[in-house]
Amino acid sequence: MKQKIAELIEQAVADLIAAGSLPEGLKPRIQIDNTKDKSHGELASNIAMMLAKPARKSPRELATLVVDALPESQWVEKVEIAGPGFINFFLTDQGGLQVVHQIIEQKEQFGRSTVGAGAKLQVEFVSANPTGPLHVGHGRGAAYGETLSNLLEAIGYQVDREYYVNDAGRQMDILATSVWLRYLQQSGQEITFPSNAYKGDYVIEFADQLVNEYSSKFVHVAEDVMQGICDDEPAGGDKEKHIDQLIERAKKLLGTTNYRTIFDYGLDHIRDDIKQDLEEFGIEYQGWFSERAMMETGKVESAIEQLQERGFIYEKDGALWFKSTDFGDGKDRVVQRDNGQPTYFASDIAYHLNKFQRGYKEVINIWGADHHGYMARVKAALKALGEDPERLKIRLVQFAILYHGKERLSMSTRSGSFVTLRELREEVGNDAARFFYVTRKVEQHMDFDLELAKSQSKDNPVYYIQFAHARIASVQKKLKDEGLSWNSDASQYHLERLIEPQEKALINKLALYSETILKSAEMGEPHQLVNYLRELAGIFHGYYTEHKVLVENQEIRNARLTLYICTGQIIHNGLTLLGVSAPDSM
RNA sequence: GCGCCCGUAGCUCAGCUGGAUAGAGUAACUGGCUUCGAACCAGUUGGUCGCACGUUCGAAUCGUGCCGGGCGCACCA
């Protein structure tokens, strides 16, 4: 509809120029806004104010000219000039009612579009290290990534969701060693658990299972394990050195095969647990990309070599450095340590190069806010490799700060004292959790009070929207119970009987659904859809209490039922994109 | 010190890429179920949009500088 109005204005301006009323060469950007206040009509344009200066006329005078030159249209009831020079458009009922027919015809498909033209996109999200279960901080990235993917699919893109599994590197070694040390403790060895190891209960569970499954196969006496290891931090030593030496000791005493067994035991269980957790949260990935597998095929070395061939690698202090400062990064970065090991950053370069080579139109990364320092260097590397860094879109998700009443909770995986995503889901339910996470825009820091989420779960806005859907379903059930039915013949809707202000408001809101989806998807802002649904539900609830649907008059009844069905359909469609259920009863 | 994000009602947050009188939820108060589900509705109270300049017809929105909060600035992942 905005498009149609814009065309009318364009035509009017062109005619005025041709008639000499306006100077040549004006190329206005025509802007049409939805009005906030219905006394201003449905749509408004600021064109007269925009052109006032170049045309050397007052805005109101100009507005009069434009309005007089507007072609007739079946969609426009009347046009008014208001305020400093706004042109307000009041639409005909016929224009607004179109949407009702479209919703009934298209059902679940309504609101979807093809602007993406089937282009392939990749969205990578969560990608938490498999060193422990997901906590509530990861939940935000999970809910956001999935919802964004849904929205992008809704506007016609083909989306691959991917999880990058950091299953190589020091953190994983620390995990494997943690499991082994717990295993030794369970086997009766006197060992002080390192301050820097993973202390979560799940590590002890793995140890128990290993004892059951492998008995004493991996046991070494405490003296052999601890001999010559430097002091841990509580004893006045260095905790990093302490754990590193223990890792080396584990590898040496266990040998490659046994070490790998323990390593994989932890990795596989945690990865499977994460996978299941996310599936229960309504998220299914198209790909789980293993860093270790990538390294084993030599892609990391190859990426470094490519940078080398292009002359962006130099050696200093025995390490290999990438000249990222040539591409706008703040300092050069090490890609290979002096001990010959590639850095995490090197893996990242190889991984992103690999993504780019898979033919995506755009690659979208959803990162925690703590990773923002990596944006510059990853883009620098892609540029150095001859790729267009603009194809990489990075969205930073701010942390959710957890409170238990007034008390602020820690979210460290290492300390083991975190609230898991699974616990949250069990406490507040998947629907409320999914909804709550995307209610605020991602750049916004979020306070998450668990106490509130639990005790006031009935006040959660998700129920407000779901309730509207349930009410609609309930009315339809009642209709059937009374032996009546909705006449689905379009010629019998009797939409002309919809004359109440709430009915007009509802139709108006329904007409905005499609553009809300488009905007939410393109801007990556699911919260816009959330706000829309809340407003829609609000208008509906007001309407519901004010006017009965199941009235005697058949025509009015059928008209209102039609509107109800449309509203229910839109709530269903919207909630589905958010990964939230639309129940018929609650 | 440098970089990114954020300061809007007592609290949690919107504000549709610069528009008309800055809005919801929550909390407080008032009223509404013999009527399709009261997890609801109607109303009242509540604001120096962090501060100061600037850009223009017009700024919560854009620019600069301060103030305050969060997060980064490794041969860690």
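Convention: sequence-line order gives letters A, B, ...; per-chain numbering from 1. Hydrogens, waters and symmetry mates are skipped; everything else that's a heavy atom, side chains included, is used.
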Give a yes/no answer on whether the side chain of A:H527 brings an N or O atom under 4.0 Å of OP1 or OP2 in B:rG15.
yes
note: A:L533, atom CG; B:rC16, atom P; distance rounded to Å ~ 18 Å
Can you see if the side chain of A:Y464 gets near the phosphate of B:rC41 - specifically, an N or O under 4.0 Å from OP1 or OP2? yes
Can you tell me if A:Q31 touches the phosphate of B:rG18, counting only side-chain N or O atoms and a distance under 4.0 Å to OP1 or OP2? no
Under a 3.5 Å limit on both distances, the Watson-Crick or wobble mate of B:rC2 is B:rG72
Answer for the Watson-Crick or wobble partner of B:rG43, both distances under 3.5 Å, is B:rC29
Here the distance between atom P of B:rG70 and atom CZ of A:R440, to the nearest Å, is 20 Å
Going by modelled atom types, is there a donor-acceptor pair between the base of B:rA20 and the side chain of A:D33 at under 3.5 Å?
no
What nucleic acid atoms does A:K478 come within less than 4.0 Å of, heavy atoms only: base, sugar-phosphate, or nothing?
sugar-phosphate
| said: Given the ring of A:F90, does A:K78 sit roughly above its face, with NZ or CZ under 6.0 Å from the centre of the six-membered ring and within 45° of the axis? | reply: yes
Whole-Å distance, A:K477 NZ to B:rG37 C1', equals 11 Å
Can you say whether a donor on the side chain of A:H371 sits under 3.5 Å from an acceptor on the base of B:rG72, or the other way round?
no
Just N and O in the side chain of A:S474: are any of them under 4.0 Å from OP1 or OP2 of B:rG37?
yes
A:Y543 OH to B:rU35 P, in whole Å, measures 20 Å
- Determine: side-chain N/O of A:K36 to OP1/OP2 of B:rA20, distance under 4.0 Å, yes or no. yes
With a 4.0 Å limit, can you tell me whether A:R60 has a side-chain N or O closer than that to the phosphate oxygens OP1/OP2 of B:rC57? no
| Going by the angle between their ring planes, with limits at 30° and 60°, are A:Y532 and A:Y513 parallel, tilted or perpendicular? | tilted
Whole-Å distance, A:R333 CZ to B:rA74 P, equals 7 Å
Comparing nearest nucleotides in RNA chain B, the 5'-proximal residue of the pair A:Q336, A:D584 is A:D584
When rounded to whole Å, the CD to C1' distance for the pair A:E482 and B:rU35 reads 12 Å
*asked:* Applying a 4.0 Å non-hydrogen cut-off, can you work out what A:N129 is touching in the nucleic acid: base, sugar-phosphate, or nothing?
replied: sugar-phosphate
**Asked** Has A:F467 got its ring stacked on B:rG37, by the test of a centre gap below 5.5 Å and a plane angle below 30°?
**Response** no
Check: Parallel, tilted or perpendicular: which describes the rings of A:Y564 and A:Y543, with under 30° parallel and over 60° perpendicular?
Finding: perpendicular
Considering every strand and a 4.0 Å limit on heavy-atom distances, what is the contact class for A:H547: base, sugar-phosphate, or nothing? base
- Task: Hey, can you tell me if A:Y164 and A:Y351 have their rings parallel, tilted or perpendicular (30° and 60° cut-offs)?
- Result: parallel
A:Y544 OH to B:rC33 C1', in whole Å, measures 11 Å
All heavy atoms of A:A82 vs all of A:R60, minimum pair found to be C-NH1, 3.8 Å
A:I32 atom CD1 is separated from B:rG19 atom P, nearest whole Å, by 14 Å
